[in-house]
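Everything below concerns the one structure shown next.
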Amino acid sequence: MSDSQVYRRKVTVKAEQGLHIRPCTAVAQLAMKFQSRVRLMKDTNSPVDAKSILDLMSLAAGPQSELELEVDGPDAAEAMEHLSALFESDFMTPSPAVVP
Amino acid sequence: MLIKRGIPVSPGVAIGPALVMGAESFRIPQRFVSIDAVDTEIARFRTAVESTCQEIELNETLAKERLGSEHAMIFTAHLMMVRDPKILTEIETLIREKSFSPEFAVSRVLRQYAKRFQNLGNHYFAERAADFYDLEKRLLKQLLGEKREELAHLTEPVVLLAHNLTPSETASLDKQFVLGFATEVGGHTSHTAILAGALELPAVVGIGNFLSDLSGGETLIIDGSHGTVIIDPDDETLAKYHDSEERYRSTNKRLESLRLLASETRDGLRITLMGNIEFPEEAESAKHRGAEGIGLYRTEFLYLQSQREPTEEDHYRAYREVLKAFPTQPVVIRTLDLGADKMPGQLQAEYADGINPALSVRSIRLSLTHLELFKTQLRAILRAAVHGDLRIMFPLVTTLLEFRQARMILGDVMEDLDEQGVPFNRDVPVGMMVEVPAAAVLAEEFAREVDFFSIGTNDLIQYTLAVDRSDPAVANLYRAGDPSILRLIRNVITAAAKYHIPVSVCGQMSSDPMFVPLLVGMGLRQLSVTPHAIPELKEVIRNLTQTKAERIASRSESMEVARDVESYLRGELKKICPESME
């Protein structure tokens with residue numbers, strides 16, 4: 001694996017209701033598209049698997065909470081770009097059909 | 001030993017091991033499985049997960065189409081939750097390592113998640129607990145649903161216990177292995193109860209909550225004649241019931257031997273016995289019992305089984321199915337006989353408030369005020385009538401004007417069908433129920449216009465004697481033997497004879513063996529009865545002579561009070577059929 005660097009980035013949950021079931025679905029759906037391991041960490045808790053909707057939900061990340069996104073694997077750079085964009089866009093990116 | 005009481009809906013005694021079917025509340029039938037069953041149980045769990053996913057995907061697609069993808073998102077989330085490897089592993093581990101049954105494991109794991117979310121302290125997340133309960137329900141439905149299917153693959157006789165049985169579940173019970181059943185809910189007139197009678201399965205319904213006392217496998221006695229269910233009976237009770245089971249069986253055998261014999265009196269007078277049915281599925285069993293046609297097919301079930309009005313095709317399919325059992329014999333279809341208060345959908349709201357439904361918009365009145373509803377049914381009858389001897393019967397006709405109106409609408413429907421080039425039978429006989437005293441009094445006027453009469457004694461008695469039978473305070477006033485009732489029946493028979501139209505009786509009165517000699521003596525040659533009463537009634541008829549019946553009728557008609565009529569008839573029945581069961 002040439003690209004085995006671990007990427008870390010802080011992301012903010014902008015969604016009004018926090019990392020609610022819909023944002024969780026969006027994150028997990030997107031994360032699953034990549035081979036890399038994608039994890040999210042809140043405060044100092046142990047990181048959770050971003051491909052598991054249950055893990056994401058169990059973060060109970062409220063609005064404006066800061067999370068650390070950690071991506072590790074062959075397509076990590078790309079995954080990091082897309083995932084942080086998703087957080088930036090308030091979870092709208094992957095479903096352009098959704099009218100806000 | 002534990003005795004539970006419920007409503008007896010189908011007579012007889014059944015003794016056997018209990019099989020508890022999953023309730024609507026998804027009581028877990030079994031918490032553990034044997035170690036060697038673990039692999040099959042895991043496979044069963046995986047199948048359930050797959051089916052659940054398919055079900056959710058279907059919902060997702062539907063929601064997307066109808067509500068937009070935003071609303072479909074919740075199903076996408078549910079789908080991901082069910083497929084989440086974490087949940088699946090946790091559940092499978094419990095099955096594999098702790099021998100939990102899949103049902104128990106599913107419930108355990110999903111409830112833990114639900115609790116965890118409830119305790120997160122953030123109400124947005126706490127609400128998510130509902131999603132886990134929803135998933136639990138979906139999975140259990142799949143798992144227990146499978147259990148319900150096992151009903152079709154029973155290998156040893158059982159006594160079936162359930163919170164409720166749907167009519168279709170009841171209809172599909174395998175009589176070879178299901179000895180009888182008992183349910184927590186249900187009443188006398190529930191469709192399940194009627195079907196149990198049709199299937200001759202001893203049954204007790206409306207027992208109330210009792211399944212939680214049972215785990216399955218206990219010895220159980222169901223006494224469908226008295227409405228008792230005995231759990232873990234002692235030896236003495238068991239012996240007593242084995243005796244009555246035996247007696248019941250031998251009586252039934254005797255009656256069964258009558259099935260193929262003609263329904264005629266000793267002096268050769270033919271009495272046609274037809275069946276009253278409520279579901280198309282009953283037609284076959286009615287025929288098996290010796291029904292020579294269907295004298296009353298109540299079509300209400302078509303309206304009650306779902307929250308929407310039945311389509312023309314729903315009607316048509318049901319009628320065709322009845323005709324399958326009776327391709328050449330008469331099948332009388334009674335058009336909608338419901339009160340507006342019982343109708344599904346918005347009709348209910350139109351009339352519900354505080355009005356006496358028995359005297360309000362019901363039956364033919366409802367049909368005449370809701371023409372689309374009425375025409376849909378008439379179209380289906382006319383179309384199905386191409387395939388057999390279907391007949392139309394209007395219920396609750398009170399005035400001639402009503403009958404003429406109904407007939408005119410039938411004419412309109414025929415015209416429509418004609419124009420559309422849809423094949424139908426133009427010559428369907430059109431009759432009416434005589435169940436309102438007004439119609440019985442004016443029977444002669446009606447007889448000139450209708451093709452046949454069928455006397456509906458249940459309503460006729462209710463309206464004549466002003467008694468609602470379901471009100472215990474006045475139920476004892478409800479008497480089929482009341483002289484006023486006999487007088488009205490006499491009037492209808494005389495009118496029918498004068499104008500040479502057939503007349504039958506389809507109320508419960510004709511299913512009671514004690515009234516059969518009277519009705520035959522009064523001149524009735526056609527009775528439409530509860531199918532399981534046919535063999536017994538045939539036995540009465542075969543022991544009767546026309547002269548004897550006429551003597552009984554004229555004696556009864558000379559009496560002044562119902563009590564005297566009924567006790568006289570009971571005495572006569574004993575003389576005619578000494579072996580007949582009481």
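Since this is a predicted model, take the numbers as computed values, not measurements. When reading the values below, keep in mind they use all heavy atoms of this one structure, side chains included, and skip hydrogens, waters and symmetry mates. Below, chains carry the letters A, B, ... as their sequence lines are ordered, and counting in each starts from 1.
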Is the shortest heavy-atom distance from the side chain of B:Phe75 to the side chain of A:Thr25 under 4.5 Å?
no

Please find the pair of heavy atoms, one from B:Asp84 and one from A:Ser52, that lie closest to each other, and give the distance.
OD2-OG, 2.7 Å

Nearest 0.5 Å, what's the CE-NZ distance between B:Met80 and A:Lys51?
11.0 Å

Minimum heavy-atom distance A:Leu54-B:Met81, with the two atoms named
CD2-CG, 4.3 Å

Using heavy-atom distances under 4.5 Å, tell me whether B:Leu79 contacts chain A through its side chain, its backbone, both, or neither.
neither

What do you reckon, is CD of A:Gln35 surrounded by more than 12 foreign heavy atoms closer than 6.0 Å?
no

